[in-house]
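Residue numbers begin at 1 in each chain, while the letters A, B, ... track the order of the sequences.
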Protein chains: 2
Amino acid sequence: MAHRPIPEPFQRDRHDHQECVSSAVEAAHELCVRRRIRLTELRRRVLELVWGGHAPIGAYDILDTLRGERRSAAPATVYRALDFLLENGLVHRIESLNAFVGCGAPRQAHSGQFLICRACDTVAEIDDGEIAGVLSRNAAKLGFRVDRQTVELTGLCPACADAAG
Amino acid sequence: MAHRPIPEPFQRDRHDHQECVSSAVEAAHELCVRRRIRLTELRRRVLELVWGGHAPIGAYDILDTLRGERRSAAPATVYRALDFLLENGLVHRIESLNAFVGCGAPRQAHSGQFLICRACDTVAEIDDGEIAGVLSRNAAKLGFRVDRQTVELTGLCPACADAAG
DNA sequence: TGTATTTTGTTATGTTATAACATACTATGT
DNA sequence: ACATAGTATGTTATAACATAACAAAATACA
Ligand SMILES: [Zn+2]
Ligand SMILES: [Zn+2]
Ligand SMILES: [Zn+2]
Ligand SMILES: [Zn+2]
């Protein structure tokens with residue numbers, strides 16, 4: 001366990017990313033077994049491609065890779081797989097980038113908050129109860145009932161902030 | 001001054017929307033004079049169209065209207081005007097909808113937070129220092145330096161929440 | 001007036017996402 | 001094993017959103 005609570009994605013030069021991918025696939029597998037839904041070969045593969053790194057990836061970038069492996073691949077192929085993964089909380093969509101990232105702690109119906117480094121493109125998901133709480137509470141004060149929170153913070157990750165001074 | 005702090009957009013059945021539009025245009029005019037930038041006829045008109053209501057409007061919906069008035073209108077016409085308005089904080093982009101809303105309190109470089117009613121499509125911008133503070137602070141704890149905050153809360157506005165029970 | 005700068009016109013293209021219907025696969029009960 | 005219902009994928013077409021590149025016009029200002 002690291003001493004400082006820097007999110008793992010921002011440790012990118014130091015971590016074993018294959019481990020990220022395989023544990024994400026394993027977690028997805030277990031979640032699908034538990035829910036009696038099917039992590040098909042296509043869906044598993046799209047999940048792996050989303051987990052190609054900790055940077056968000058576009059649907060058409062996924063498609064480009066997939067086409068080399070499966071000649072029938074088309075936009076709908078990718079979007080259907082992504083829809084499945086999104087519905088089941090296995091990936092998240094980054095609205096401000098029209099792109100997708102893997103979820104490191106998959107479970108149903110969570111929004112998370114995203115820290116997006118504009119220098120290295122790394123995205124870290126945090127799941128900060130204080131943030132979620134303030135948002136729901138302050139919206140509720142105005143009579144607004146929140147279903148879904150989109151929180152995307154763009155800036156510089158620790159390493160890139162250091163480099164920029 | 002209303003007693004309860006319900007954002008004006010959620011008072012939509014009770015407020016004089018022409019007043020919203022004209023005060024937005026006037027505020028834009030003053031801001032442009034102050035900054036010595038040009039609120040051209042085109043830009044003013046696009047601002048008015050964005051202020052057609054308190055629901056977000058897509059660039060191509062703006063274009064459809066504009067075409068009836070200016071035969072040269074094309075996508076670039078609209079996107080260039082929107083870029084100008086965005087840069088100057090006169091409109092905001094709702095990332096989760098690929099659409100735009102007018103800013104009720106224009107000033108440079110602010111992100112705001114948006115409450116988006118999924119039933120009536122009304123969007124209210126709030127500018128909540130507590131929210132902005134908690135986001136910056138909690139990101140900073142992880143060594144992340146925030147440049148820009150995207151906060152979009154989808155749910156039910158007071159009226160629609162009442163109606164839904 | 002001449003010249004630089006900004007704005008708009010114009011045409012083409014790039015990028016992201018969905019619709020609609022056909023075919024194939026999987027699970028389940030008999 | 002077979003029928004069948006439900007789920008997943010293949011396939012083709014199109015919708016929706018956004019930018020590039022260069023020409024012409026308008027504006028600022030010396
Ligand atoms: Zn990793
Ligand atoms: Zn997550
Ligand atoms: Zn109004
Ligand atoms: Zn604003």
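Contact detail for L49(A) and I57(A): the closest heavy-atom pair is O-CD1, 3.9 Å. What you find for L82(B) and V91(B) is that their closest heavy atoms are O-CG2, 4.3 Å. In plain terms, the two heavy atoms of H110(A) and C103(A) that are nearest each other are NE2-SG, 3.2 Å.
When side chains are defined from C-beta on, E125(B) does not count as touching H54(B), because their heavy atoms never get closer than 4.5 Å.
For the residue pair Q149(A)/T154(B), the side-chain donor-acceptor check at 3.5 Å is not satisfied. Checked by atom type, the side-chain pair S96(B)/E152(B) shows a donor-acceptor distance below 3.5 Å.
To the nearest angstrom, C1' of dC25(C) lies 14 Å from CD of E41(A). L85(A) has its CG atom 14 Å from the C1' atom of dA8(D), to the nearest Å. The distance between atom CG of L63(A) and atom P of dG10(D), rounded to the nearest whole Å, is 12 Å. Between the CG atom of N88(A) and the P atom of dT7(D) there is a distance of 14 Å, given to the nearest Å. At whole-Å resolution of the value, CG in L39(B) and P in dT7(C) are 11 Å apart. L82(B) places its CG atom 15 Å from the P atom of dT7(C), with the value rounded to the nearest Å. Atom CZ in R71(B) sits about 16 Å away from atom P in dT8(C), given to the nearest Å. Regarding F84(A), its CZ atom lies at a distance of 7 Å from the P atom of dA8(D), rounded to whole Å.
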Exercise. Carefully, step by step, assess H92(B) and F100(B) under the rule ring pair (Phe, Tyr, Trp, His ring centres under 6.0 Å).
Key: CA-CA 6 Å; H92(B) 292 286; F100(B) 303 84; over 10 Å; no
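Between the side chain of R148(B) and the main chain of G155(A), no donor-acceptor pair closer than 3.5 Å is present.
Comparing the end axes of the helix from dT1(C)-dA30(D) to dT30(C)-dA1(D), each fitted to five base pairs by superposing C1' atoms of four pairs onto the next four, gives an inter-axis angle of 30° (nearest 10 degrees).
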Practice problem: Assign a letter to each nucleotide of nucleotides 18-28 of chain D from its 5' end: B, base within under 4.0 Å of a protein heavy atom; S, sugar-phosphate only; -, no contact. | Solution: BBBB-----SS
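Under the 30°/60° scheme for interplanar angles, the aromatic rings of F144(A) and F10(B) are found to lie parallel.
Proximity of R70(B) to the phosphate of dT8(C): no side-chain N or O atom is located under 4.0 Å from OP1 or OP2.
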